[in-house]
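Order of listing sets the numbers, starting from 1, for every ligand and every atom in it. All values below were derived from every heavy atom in this structure, side-chain atoms included, with hydrogens, water molecules and symmetry-related copies excluded.
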Amino acid sequence: MGAISNKLRTVEGGSLAFYCPGCKGAHTIRIGDGAGPGWTYNGNADNPTFTPSVLVRTGHYCNPGQQPGDCACDYQERYPDEGPWPWPCGICHSFVTNGQIQFLSDCTHELAGQTVPLPDLPESVK
Ligand SMILES: [Zn+2]
Ligand SMILES: [Zn+2]
């Protein structure tokens, strides 16, 4: 387990992790067939391509149709002394193609609709 390039690392169970500059955190995807969702990988650790798209939902977005509440969105309201919850609710939907990460317009973060080079993994994620 560990970094296989500046951009990818392997994770136990046949998964790969890359750093998402939209979520400012790692996304992990499982490569190949088997139980649950799996992705294909072009085998190029420097310029990876994954198919299909990577869709990550966090917080209240995990349940389509759920309204914000009792989640990170109102955490500070409920616990004014504790500051904001560090992992905000969100949607991240991207295509990783040839070392570029294309964010679709349904992302809730600031890189929605943009395509950026896949960044190097920060030391904390390697
Ligand atoms: Zn993301
Ligand atoms: Zn929320």
Angular separation of Cys23 SG and His27 NE2 about the Zn ion (ligand 1), given to 10° = 100°
Taking every non-hydrogen atom, the tightest pair across Phe95 and Pro52 = CE2-C, 4.4 Å
Between Leu121 and Ala17 the two heavy atoms that sit nearest each other are CD2-O, 4.3 Å
Cys92 N/O/S atom closer than 2.8 Å to the Zn ion (ligand 1) | yes
Distance-minimising heavy-atom pair for Pro48 and Asn42 | CA-OD1, 3.4 Å
Any N/O/S atom, backbone or side chain, of Cys20 lying under 2.8 Å from the Zn ion (ligand 1)?
-> yes
Measure from the Zn ion (ligand 2) to every N/O/S atom of His60 and report the name of the nearest one.
-> ND1
How many angstroms lie between atom CG of Leu55 and atom CD1 of Ile29, to the nearest 0.5 angstrom?
-> 12.5 Å
